[in-house]
Amino acid sequence: MKVIYTDVLVIGGGLAGLRIAIGARRRGHDAIVLSLVPPKRSHSAAAQGGMQASLGNVAKGQGDNEDVHFEDTVKGSDWGADQQVVRMFVNTAPKAVRELAAWGVPWSRVRQGDREVIINGQKVTITERPEAHGLVAQRDFGGTRKWRTCYVSDGTGHAMLFAVGDQAIAQGVPVHERKEAIALIHDGSRCYGAVVRDLITGELTAYVAKATAIATGGAGRVYRVTTNAVICEGIGAALALETGVAALGNMEAVQFHPTGIFPAGILVTEGCRGDGGLLRDANGHRFMPDYEPEKKELASRDVVSRRMEEHIRKGNGAKSRFGEHLWLDITLLGRRHIEHNLREVQEICRYFLGIDPAEQWIAVRPAQHYTMGGVRTKYTGECPTLRGLFAAGEAACWDMHGFNRLGGNSVAETVVAGMIVGEFIADFCDSPKSDLDIPTALIREAVAAERSRLDVLLKGGGAERADALRIEMQQTMTDKVGIFRGGADLEEAVHRLQGLLVRSRSIGLRHHADGPNPELVTAYRTQKMLKVALCIATGALTRTESRGAHFREDFPRRDDSHWLKRTLATWKDPSDTLPCLAYEPLDVLSMELPPGWRGYGNKDYVDHPDTPRRAEELGRLRERLQGADRHAVQAGIMPYEHLLPQRFRGRNERIDERMP
Amino acid sequence: MSDKTPVPAAAAAASGPPRKLRFHVLRHDPRDPGSIPHTEVFELEEAAGMTLFIALNEIREQLDASLAFDFVCRAGICGSCGMVINGRPGLACRTLTQDLPAEITLAPLPSFELIADLSVNTGKWMRGMSERLETWVHSVEQDLDLRRIEAPMDPELADRIYELDRCVECGCCVAACGTARMREDFVGAVGLNKIARFALDPRDARTDADYYELVGTDDGVFGCMTLLGCHDVCPKDLPLQNQIAFLRRRMARAGLG
């Protein structure tokens, strides 16, 4: 049996995983990154529009700071987020942009003087300050009060991933490519690493580590229509789930992006709307102002996606042989802007739709885009029930997104969580708590168990076809667990998925080689994906309210009195066909921003009994802190800075907030 | 509305009965001692808007579950799916079958280690190249205070750096390179473009003399025979011709000086 020992095993070679490895390495710990694909091909590269950080360099970002970013993010989450984690995030995001700038990311920069932009369909002249010239620029994105999204044309994720990937090479971080973790090694209370399959040779190896970090991204591919890359299958979440101990948080919180190109589902960035693009219906009518007079096209993604589907239901969709869709119009931005700031969009339109977006409208319809849920962690990124297991990025429920993530906050989370969790992992590895005392029998048994699972698939003679089960799962999720949800549909979805899970236990293969065998990979991943899909569907069925991206037509109101809590799903026994759901309440009495109206979307919600009390308390606190600066007021209301690693504490300098 | 559903723009182009496409796929598993490289033919009915991503997945689902190939983003962004399509390296995911004749030949990218069938190990090659050329910013400043306002950069310069930063390391340029076929260690247009990118970046403290040490050889910029297949096939339309010429002049100067 082959065993590889290291300090930190990072599963996933995207931005979050690479940044964790770099952080651990800098603190003197060995780290190995496992990646299904060459790390620079990770789905992080697909983030186009940008990363939120309250630098406030552009004129339209003036006055921005951590407080505003915090409020936008919490409102965006529909109060599902952990507010202390949001505070940690917003305070670190500017530092992340600055670190990346030093690492070579060619952030688009501010040009001083006048420039013409499109706001609300009108040409407007903005004057950029001379003192901002050459600093990192920001563009507008949905659900934000200031222009906060830092960008590199519309290839932000690509540029970030290459810079961080190259830093990992500079630090000598080994990336074991085309290796897939297929099970965690654990004893029910401590995680010791993973059983890893080589996707080229089929060989199994045990990786034993003090700390294991899951950074495998989202689970979009459990849906039929998704913007996600083909490797975003939720396997990291499934690995945690299959321990029977680790919990997945809020899996029912699934984001649908308003502008997937129709019908392929490939993403065109929110930057299109941020830069002034409009949504139009079959008649060319700009319909968003009818529904959202304040934020219009730039309400949060959950709201815009719902309004689009609602408008299609009312008979306003453009018809095509593949179904109905709406139009994204960026022609008004002008060719120069598109060729400069939206060039990936232009390429995608050219190659996949055969159109020139400077001349023609883009056919769009909402598509699955982001998994707010994931491996539930503490603010340190550590799983509270399985010591030594960490998670970060989209794979985690850290939980800064709650029930809806703002555009530009995901690629920001990857690097910020990578920085923060990387430090906590290094702290863990520094302490005697991380000492490994692992019986070799445990390693041997874990590898043997996986070997026999694979052998059953390869040689068991099962009659079920993995790809058929997968397609049925994906169709079920898209049809029944989508943007608009209802009890009857969800019950049917759960029932169907259970049936598929049972059938997946008798998958057989037509091709029996153990090496580069794509059919075998589909088979074992489908078994895992079905469990993840069941967590999403049961979570959605049980949550009888609407919050953020989770919208129940039979329970259209947000209900803080019953549902201001996080769903925790565990899979107790491998033979089960349903997850166990438990709930973790959010404490209104310690919130900096108690629940209220988001400023867009539904105004109708049921208050938590503690909300008026907390609001009153906050009023008193603010009165007492009158005259103090904003940092002191914040610290008086909900202290968080002590939670941050020492390295990332401290205020952020801005043009309007100079540091001595 | 999925990857497998055709797109409307292409639908308009299709008229008459669908074509029968014949895919001639080069197959080989180098780890199987019994495997002999050979071409296998798969027939599919064309659908409107069909890309090679859709076609290859359909072949795998319906005709041969063992066919190996690589896709990740399927949107032309990640560079995973470089292969030789009717003799020309390109990204398979964004190649529409309607732009190809009915006889389609697919082969793995040459110059890279073959994993199986259409899958090659570009990742290993690119990591090796990055380590050799040290393709990261060699900072002047060591202990950066992250709380401070970032150093300004000329906006035009940032744009010019991004222009070169758009490389996705797909390997098409290496596959199309005459020198790479003769010199195993040639860094390729991808490597030379990276040096040009860092040489342009004021955040990188390296000088031309340093870059000369990295690419001032026949495995570097002087190995280029100016055939410029790289420039013709680059899926991101990078200005490789200019960059290589510019770098060669600079390196010649550094070498003489």
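As a basis for the values below, the full set of heavy atoms in this structure was taken, side chains included, without hydrogen atoms, waters or symmetry mates. Just so it is clear: chains get the letters A, B, ... in the order the sequence lines come, proteins before strands, and each one is counted from 1.
Proximity to chain B (any heavy atom under 4.5 Å) is shown, for A:Thr478, by neither the backbone nor the side chain. Residue A:Gln48 touches chain B through its side chain alone, counting heavy-atom pairs closer than 4.5 Å. Of the atoms belonging to A:Glu344, it is side-chain heavy atoms, and not backbone ones, that fall under 4.5 Å from chain B. Looking at B:Glu134, neither its backbone nor its side chain comes within 4.5 Å of chain A, counting heavy atoms on both sides. Looking at B:Pro202, there are no atoms closer than 4.5 Å to chain A (heavy atoms on both sides), in backbone or side chain. Proximity to chain A (any heavy atom under 4.5 Å) is restricted, for B:Asp201, to the side chain, taken from C-beta onward. Both the backbone and the side chain of A:Val152 come within less than 4.5 Å of a heavy atom of chain B. Using a 4.5 Å cut-off between heavy atoms, A:Tyr223 makes no contact with chain B at all. Contact annotation for A:Ile348: only side-chain heavy atoms (C-beta onward) come within less than 4.5 Å of a heavy atom of chain B. Only the side chain of A:Arg658 comes within contact range of chain B, with at least one heavy atom under 4.5 Å from a heavy atom of that chain. In this structure, no portion of B:Leu157 lies under 4.5 Å from any heavy atom of chain A. Heavy atoms closer than 4.5 Å to chain B are found in the side chain of A:His340, but not in its backbone. B:Ala65 touches chain A through backbone and side chain together, each having a heavy atom under 4.5 Å away. At a 4.5 Å heavy-atom cutoff, the contact between B:Ser119 and chain A is made by side-chain atoms alone. For B:Arg31, the part lying near chain A is the side chain, with the backbone staying farther off; criterion is any non-hydrogen pair under 4.5 Å. Of the two parts of B:Arg94, the backbone and the side chain both hold a non-hydrogen atom closer than 4.5 Å to a non-hydrogen atom of chain A. For B:Asp29, the part lying near chain A is the side chain, with the backbone staying farther off; criterion is any non-hydrogen pair under 4.5 Å. Both the backbone and the side chain of A:Val175 come within contact range of chain B, each with at least one heavy atom under 4.5 Å from a heavy atom of that chain. Both the backbone and the side chain of B:Arg166 come within contact range of chain A, with heavy atoms under 4.5 Å apart. Residue A:Leu55 touches chain B through its side chain alone, counting heavy-atom pairs closer than 4.5 Å.
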* To do: In sequence, state the C-alpha distance, the side-chain angles, and the governing distance for A:Glu233 and A:Arg221, and then conclude on salt bridge (Lys or Arg N to Asp or Glu O under 4.0 Å).
  => CA-CA 5 Å; A:Glu233 300 179 306; A:Arg221 287 278 156 178; over 6 Å; no

* In sequence, state the C-alpha distance, the side-chain angles, and the governing distance for A:Arg654 and A:Asp656, and then conclude on salt bridge (Lys or Arg N to Asp or Glu O under 4.0 Å). => CA-CA 5 Å; A:Arg654 295 180 181 80; A:Asp656 299 316; over 6 Å; no

* Asked: Does the side-chain hydrogen bond (donor to acceptor under 3.5 Å, both in side chains) test come out yes or no for B:Arg27 and B:Ser66, once each step is laid out?
  -> CA-CA 10 Å; B:Arg27 303 207 59 185; B:Ser66 69; 3.2 Å; yes

* To do: Check step by step if salt bridge (Lys or Arg N to Asp or Glu O under 4.0 Å) holds for B:Glu169 and B:Arg127.
  => CA-CA 10 Å; B:Glu169 298 187 359; B:Arg127 169 97 186 198; over 6 Å; no

* Asked: Passes salt bridge (Lys or Arg N to Asp or Glu O under 4.0 Å), A:Lys319 versus A:Glu324? Steps please.
  -> CA-CA 5 Å; A:Lys319 301 198 176 32; A:Glu324 291 173 89; 3.6 Å; yes

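Using a 4.0 Å cut-off between charged side-chain N and carboxylate O, B:Asp159 and A:Arg111 make a salt bridge. Salt bridge A:Arg470/A:Asp467: absent, no basic N to carboxylate O contact under 4.0 Å. Here B:Asp165 does not pair with B:Arg160 in a salt bridge; the nearest charged N to carboxylate O distance is not below 4.0 Å. A salt bridge links A:Asp166 with A:Lys40: the closest approach of a Lys/Arg side-chain nitrogen to an acidic carboxylate oxygen falls below 4.0 angstrom. B:Glu163 and A:Arg343 are joined by a salt bridge, as a carboxylate oxygen and a charged side-chain nitrogen come within less than 4.0 angstrom of each other. In this structure, A:Arg41 does not pair ionically with A:Glu177, as no charged nitrogen and carboxylate oxygen lie closer than 4.0 Å. Residues A:Glu128 and A:Arg115 are paired through a salt bridge, judged by an N-O separation under 4.0 Å between the basic side chain and the carboxylate.
A cation-pi contact links B:Arg206 to B:Phe198, judged by a cut-off of 6.0 Å to the six-membered ring centre and 45° from its axis.
Between chain A and the options B:Glu156, B:Arg203, B:Lys236, the largest number of non-hydrogen pairs under 4.5 Å is found for B:Arg203. In terms of heavy-atom pairs under 4.5 Å with chain B, the best-connected choice from A:Leu267, A:Thr227, A:Val37 is A:Thr227. Considering only heavy-atom pairs separated by less than 4.5 Å from chain A, the leading option among B:Asp70, B:Asp154, B:Asp64, B:Ile161 is B:Asp70. Options A:Lys95, A:Gln167, A:His133, A:Glu519 differ in how many heavy-atom pairs under 4.5 Å they form with chain B, and the most are formed by A:Lys95. The residue among B:Ala158, B:Ala116, B:Cys73, B:Ser80 with the most heavy atom pairs within less than 4.5 Å of chain A is B:Ser80. When the candidates A:Gly165, A:Gly155, A:Ala229, A:Pro106 are compared by the number of heavy-atom contacts under 4.5 Å with chain B, A:Pro106 comes out ahead. Of the listed residues A:Gly104, A:Pro38, A:Ala466, the one with more heavy-atom pairs under 4.5 angstrom with chain B than any other is A:Gly104. By number of non-hydrogen pairs under 4.5 angstrom with chain B, the leading residue of A:Ile200, A:Ile231, A:Leu520, A:Thr522 is A:Ile200.
Between A:Arg510 and A:Arg465, some side-chain heavy-atom pair lies under the 4.5 Å cut-off.
Relative orientation of the B:His138 and B:Trp136 rings is parallel, given thresholds of 30° and 60° on the angle between their planes.
Closest non-hydrogen pair, A:Gly14 versus A:Leu161, comes out as C-CD1, 4.1 Å.
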